[in-house]
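Chain naming here is simple, since letters A, B, ... match the order of the sequence lines and numbering starts at 1 in each. This is a predicted model, so every value here is computed, not measured. Reckoned from all heavy atoms, side chains included, excluding hydrogens, waters and symmetry mates.
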Amino acid sequence: MQSIGRPTQPADTIGVGAPATVLGHRGLDHEEALIFELGASGRCGVDLDTPAPVASRLGPHARKAPVGLPGLSEPQVVRHYVRLSRRNYAIDMGLYPLGSCTMKHNPRLNEKMARLPGFADLHPLAPMSTVQGAFALMDELARWLTTLTGMPGVALSPKAGAHGELCGLMAIRAAHEASGQAGVRKRVLVPESAHGTNPATAAFCGYEVDPIPANAEGRVDLAAFMARLGPDVAAVMLTNPNTCGLFERDIVAIAEAAHGAGAYLYCDGANFNAIVGRVRPGDLGIDAMHINLHKTFSTPHGGGGPGSGPVVLSAALAPFAPVPFLVREGDGFRLVEEAAAGAAPFGRMAAFHGQMGMFVRALAYMMSHGADGLRQVAEDAVLNANYVLASLKDVMTAPFEGPCMHEALFDDGFLKDTGVSTLDFAKAMIDEGFHPMTMYFPLVVHGALLIEPTETESRETLDDFIRVLRTLVARATSGDTAHFAAAPVLAPRRRLDETLAARRPVLRWRPPALDKAAE
Amino acid sequence: MRYLPLTGDDRSAMLARIGVADIDALFRDVPQVARLNGPVDLPHHAGEMDVERRLVAMAARNLAAGQAACFLGGGAYRHHVPASVDHLIQRSEFLTSYTPYQPEISQGTLQYLFEFQTQVALLTGMDVANASMYDGSTACAEAVQMAERITRRTRSVLSGGLHPHYAEVVRTMAADGHEMVSLAPSPQAAVTAEEIAGLIDDATACVVVQSPDVFGNIVDLAPIAAATHARGALLVVVVTEVVSLGAIEPPGHQGADIVVGEGQSLGVGLNFGGPYLGLFATREKYVRQMPGRLCGETVDAEGRRGFVLTLSTREQHIRREKATSNICTNAGLCSLAFTIHLSLLGETGLARLAGLNHAAAATLEARLAQIKGVQPLNATFFNEFTLRLPRAAAPVVEELAARGVLGGVPASRLWPDDPDLADLLIVAATETNTPADIERFASALAEVL
Amino acid sequence: MLRFSKDHEWVRVDGNTARIGISDYAQSQLGDVVFVELPEIGKVLKKGAEAAVVESVKAASEVYAPVGGTVTAVNAALVDDPAAVNADPLGAGWFVEVTLADAAELDGLMDEAAYAAFVAELG
């Protein structure tokens, strides 16, 4: 048996008494039915004219049956989604210490700028003469990204971090194909501590994933790495700072060795926030790195997207960047949609040229901070994480020596023999008004708890957070396991039965009659 | 530095607790050669007014679709988005939350994802849908890979009516040694089962058909589904204009095994190509082969209905190199916009919206057909159709733009290397086009030609 | 004859037939099993090859064949009732049966006592 992933939650939880209410509402916390259970035929939330009578051009393909959508007026729809919104935690409410996710403040200026009709109301295939300002913005974003990373090329079209990873690895594969080495370079070296997307991406590109072990200091084991390196290695995929929140001290040696063996060095840029403005990845010998604009450059996570994952490329890889890309022409720009002289694009990542809405937001953020402010961002992010580490390491167990970079990693050693698991501990934080940290990742640490406060938290907030965690640790070690097993009790929902959800998947609403018929 | 709360005093006190002299000590693991001593060569920080001024100036150099008479389609459509949609998606609790990994405090996101999945399943006529993909083109590539996993075959047939950018994405994402057979684009008529059947063999995993196709033709899917299934292959149907599903038969009622689409038309807006919204729906029996996140219904410890992300063992953070896809982030907030817009429309609103689109396009086509030298090609269409012009379409489009008309997408923009298509113009009309817009387009086109 | 592998699979040999499943320790580590993917009958498995996949809510694991052979039967009841893997891992929770290709492959496996000691070592 080869087990991967994190364990399931324990099943036994303890009920708490809450006063019964007629409709199940609890003060400001409203129970809310599904939109399909609220509607009535005959209601509509938009006023549209009756279509002019025209001879149908649909041929024999006109819709025969109704879709089955409910009808609601505008106030009903607004209330429904406002009520739902109130059942979410958000960075605007409090600290969101998810390690490797960089949940920082999302400035509203970014939102305002992205909604300017001159950006938001542009069609991707509009005549190029009419969108030169948008091209100029993309070019300016590219200038900031290439300058901050010290790398000459950039592909803007990837739509998220994992998509950027795919783009970077495809550029590497194309470079090996161009030099006639694709047939022999079959392996990609990936540290055990990597994000799950890294091995998934390498496997997707047809490579054999060869894991590199970590050493006792939580970094790539250089000797093991050197032993794994060979003429059949296509690329090395590193995260730096790594997922343990530590800077890979041997990165330059790793890059030199990889290049010496004819391989490229891919860097997962998820943790760029720790070093932006202080370290240029190009100076470390990195050949390709995706940048999560929704992490380092403050575009909102939106409950799971949309993201944006531009990839910066070294001179060796830049010619292989996918279409479309911008070229300067006269005093303007042209979008190149097909293979052109001097370029050997490996293909196309998406229908159009990237997440323009995110480009505007990210550029507004970069301009706001500037080169000096971005450097301060990295410093404050690292300072905040080290402050958390220093304030908790006497009561929680840190597996590796500090200093850390932008995130502080603990293992579950401090919970040993308490009967409280990492999951229980994290769930108890919810009742205290905090979102839990990342749990059970990275996999190289037992029961990992990974805390990334980011630079946008004040010292007062961090002190509150630290006080809560210290109190919870004391409670766990004092044997109050029941408190943790029951948690959370103050959230809109208690723990949810994930086993039931997976064993008998219900993935959509069905009208009650049909639902019965289906059973 | 308005986004940074730490003061100088904070920083000193914090460094003292950590036990280091200065911030550089925290960066000591960075190799000496890579440490920058000062800020990089870029402008320094700026206030809101300054940033706004610079970005407004860039935006002002563009011709927004709303400033012109816009008839652009080709995979992205301009529709009116009700004001409440944009208001609601900017609620902090939606905008600034992460992927709902802690379901107890993410029921808002999870419930709308469940509603979104249901809406997509209803619209497409399929059993289940996932919680969204990046966009229509990447969803299409994922669908091909899913069909290959299910059938354990390595060859796919792409209809000539498939948006060429989608076809390129599918080819880019194809695994080593997998074969993608593309039919030539045929603007005159929708692809037929006879044309497709000859290309399907026992190694074929799937047939990919777009309807309405890139030229606007509506495809008769049922016979294609029959021909596809006869060889044990799956039918993937692509819908780039989701509003069309308010007026035409859904692919799920015509034998599709996987339906993917671009959901940008509802709620999301044009955004110069992104962020958009990938729709992905399939049959119940294939759900474990489906890529992307899935939200499912369950109960909490007190027996109350609640929602969780489920079947996540398909995904990269658990399966790593054995995942069904490397997708991680999806298009959460865009799926919310879609769901709210569709909730506002409801059954009657969607039907009416689709009717308005069809009427606008039919009116426009009839009007443009009166212009000398303009030849309409479509037998059927929903809100987009193709014209043959008496000369190359690309310069015509530039000349129309100079007259304040965004008069369609020249086929040469999508097929730069195909001179046979150079005189084709792909034109879309939506509910946003007024009769005055249509007249303006017609007179400008007559003038230019 | 019951034997265990270091990967926590068991194999019960009856004449030429070997029935394969996962150990009680393995099911307890996985937690609630929600899905089982079984091989096709007739598939030839080499020793150490992936015989099945077992999924809990948060983990997916491969079940490796502790001995090689041709699949002659699969426990289709698990598809509807994956919980049987938790309830009765050594009985009703079996996964596949193969015709034993090489009895010598059993030599490297542990008997019940040795496996119990092996698990105790894991803590």
Contact origin within A/His353 toward chain B - heavy atom pairs under 4.5 Å: side chain

Exercise: do A/Asn88 and B/Ser106 side chains pair donor with acceptor under 3.5 Å: no

Side chain, backbone, both or neither of A/Pro70 within contact of chain B (heavy atoms, under 4.5 Å): backbone

Axial cation check for B/Phe27 ring with A/Arg278, 6.0 Å and 45° limits: yes

Set of residues satisfying salt bridge (Lys or Arg N to Asp or Glu O under 4.0 Å) with respect to A/Arg87, sequence neighbours excluded: A/Asp29, A/Glu31

A/Leu507 portion near chain B, given a 4.5 angstrom heavy-atom threshold: both

Centroid separation A/Phe119 to B/Phe272 less than 6.0 Å: no

Per-residue contact mode, A/Leu137 against chain B (heavy atom under 4.5 angstrom): both

Donor-acceptor pair between A/His123 and B/Arg78 side chains, under 3.5 angstrom: no

Pick from A/Gly118, A/Gly373, A/Ala90, A/Pro124 with the largest number of heavy-atom pairs that fall under 4.5 Å of chain B: A/Pro124

Part of A/Glu455 lying under 4.5 Å from any heavy atom of chain B: both

Largest heavy-atom contact set with chain B, pairs under 4.5 Å, which of A/Ala134, A/Ala491, A/Pro505, A/Ala390: A/Ala134

Distance-only polar pair, side chains of B/Ser343 and A/Tyr81, donor-acceptor under 3.5 Å: yes

Heavy-atom side-chain proximity of A/Asn384 to A/Thr456 below 4.5 angstrom: no

Top of A/Val46, A/Asp372, A/Asp380, A/Val506 for chain B proximity - count of heavy-atom pairs under 4.5 angstrom: A/Asp372

Exercise: do B/Thr118 and A/Arg508 side chains pair donor with acceptor under 3.5 Å: no

B/Thr339 and B/Glu115 side chains, donor-acceptor separation under 3.5 Å: no

Residue A/Ser41 versus chain B: region with a heavy atom under 4.5 Å: neither

Distance flag, aromatic centroids of A/His301 and A/Tyr96, threshold under 6.0 Å: no

Most contacts with chain B, counted as non-hydrogen pairs under 4.5 angstrom, among A/Leu500, A/Asp283, A/Val279: A/Val279

Side chain / backbone / both / neither for A/Phe36 at chain B, heavy atoms under 4.5 Å: side chain

Among the listed options A/Asp92, A/Leu148, A/Val54, the residue most often paired with chain B at heavy-atom distances under 4.5 Å: A/Asp92

Options A/Arg57, A/His80, A/Arg459, A/Gln355, ranked by heavy-atom pairs under 4.5 Å with chain B, top entry: A/Arg57

A/Ser308, part contacting chain B, at a heavy-atom distance under 4.5 Å: neither

Side chain / backbone / both / neither for A/His105 at chain B, heavy atoms under 4.5 Å: side chain

